[in-house]
Amino acid sequence: MRIATWNVNSVTVRLDRLLAWLERSGTDVLCLQELKCEAAAFPTEALRARGYEAAVRADGRWNGVAVLSRVGLADVSGELVDGPAYEGATEPRTVAATCGGVRVRSVYVPNGREIGHPHYAYKLRWLAALRETVAPEAAAGTPFAVLGDFNVAPADEDVWDISLFEGATHVTEAERNALAALRETGLGDIVPRPLKYDRPFTYWDYRQLGFPKNRGMRIDLVYGNAPFAKAVQDAFVDREERKGKGASDHAPVVVDLEL
DNA sequence: ATGGCTGGTTCGACCAGA
């Protein structure tokens, strides 16, 4: 089974590339983030025509997540346990489903904007709620993984030049501690192969030739429990999808499982 | 063979992304 996660940065603009990528990659289960569409505008029919069911949570703003599956889609759940609100709204940033015997949760962790900004405190609260929500599933004896855009680089080598990140979000001790607490529920970091260069970056800024110069970050992560990790045959970043006109600024992370 | 932002919204300057 092939499972992947991809921040598509607007499913509306990216639909043709999404459909082409699904066919080219042969992905069975795909966790999507940053849909930027209303739930009613999600391309359910186009995906169904290609054999994929979809669990979608979206509200038309800068978030929105989904799980696509062509191997079954059951036990869909949305909200975090005691999940925080931002400016009074509970945002659609996660959805979980069981697909072909694997429990997956797609996450789009809040960006944080700046240290000290209310969005940064929200990000840390959101990660704490994620930990509480996934703890029982992580402890299960069946394969489970949290996949998505975590907006945190787990270590200094997960950004192209750590010296440029002083005082910035995505690399702070508090954010990394939140990831460590998440892993303590029984989840391990499934680190993908980069396919080119030495580090498996998953995001490159659109500006200043970020991709050609490989000024990237590894912020799209796959955290799997022991039964999931045991089934992993391969994992890689599909950087080909970052190329060309009309690419998302994130590349898909692909994981192959032998169940 | 990869190119100096892109997408969405308040319809066109501004916000958010990271």
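So that the names make sense, note that chain A is the first sequence line, chain B the second, and so on, each numbered from 1.
No contact: A:Asn214 has no heavy atom under 4.0 Å from any strand. A:Asn63 comes within contact range of no nucleotide atom at all, as no heavy-atom separation falls under 4.0 Å. At a threshold of 4.0 angstrom between heavy atoms, the contacts of A:Arg14 are confined to the sugar-phosphate backbone, with no base atom among them. A:Arg239 comes within contact range of no nucleotide atom at all, as no heavy-atom separation falls under 4.0 Å. If you check every strand for non-hydrogen atoms under 4.0 Å, A:Phe165 touches nothing. Residue A:Gly60 is classed as a sugar-phosphate contact, given heavy-atom separations below 4.0 Å to backbone atoms only. Residue A:Lys196 is in base contact, counting any heavy-atom pair closer than 4.0 Å across all strands shown.
Contacts classified as salt bridge (Lys or Arg N to Asp or Glu O under 4.0 Å) and involving residues 158-167 of chain A (residues at least two apart or in different chains) are given here: A:Asp158-A:Arg218.
Atom P of B:dT9 sits at a distance of 26 Å from the matching atom of B:dG3, rounded to the whole Å. Taking the C1' atoms as reference points, B:dC15 lies 11 Å from B:dT10, given to the whole Å. Comparing B:dC5 with B:dA1, their P atoms are spaced 23 Å from each other, to the whole Å. Taking atom P on both B:dC11 and B:dT6, the two are 23 Å apart, rounded to the nearest angstrom. Taking atom C1' on both nucleotides, B:dG8 is separated from B:dG4 by 23 Å, rounded to a whole Å. Rounded to the nearest Å, the gap between the C1' atom of B:dG12 and that of B:dG7 is 14 Å.
Judged by distance alone, the side chains of A:Asn7 and A:Glu34 do bring a donor and an acceptor atom under 3.5 Å apart. In the model, A:Arg103 has a side-chain atom that pairs as donor or acceptor with a side-chain atom of A:Ser77 under 3.5 Å. One side chain, A:Trp204 or A:Asn214, offers a donor N or O that lies under 3.5 Å from an acceptor on the other.
The only member of A:Val171, A:Leu221, A:Ile219 that meets side-chain contact (heavy atoms from CB on, under 4.5 Å) when paired with A:Pro154 is A:Leu221.
Comparing A:Ala247 and A:Lys243 against DNA chain B, the residue whose closest nucleotide sits nearer the 5' end is A:Lys243. DNA chain B is contacted by both A:Gly244 and A:Asn111; A:Gly244 maps to the nucleotide lying nearer its 5′ end (nearest heavy atom per residue).
Within the 6.0 Å centre-distance limit, the rings of A:Trp21 and A:Trp6 are counted as a close aromatic pair.
Applying the salt bridge (charged side-chain N to carboxylate O under 4.0 Å, His left out) test to A:Arg207 and every residue at least two apart in sequence or in another chain returns A:Asp205.
Extent of DNA chain B lying under 4.0 Å from chain A heavy atoms, first and last nucleotide in 5' to 3' order, is B:dT2 to B:dA18.
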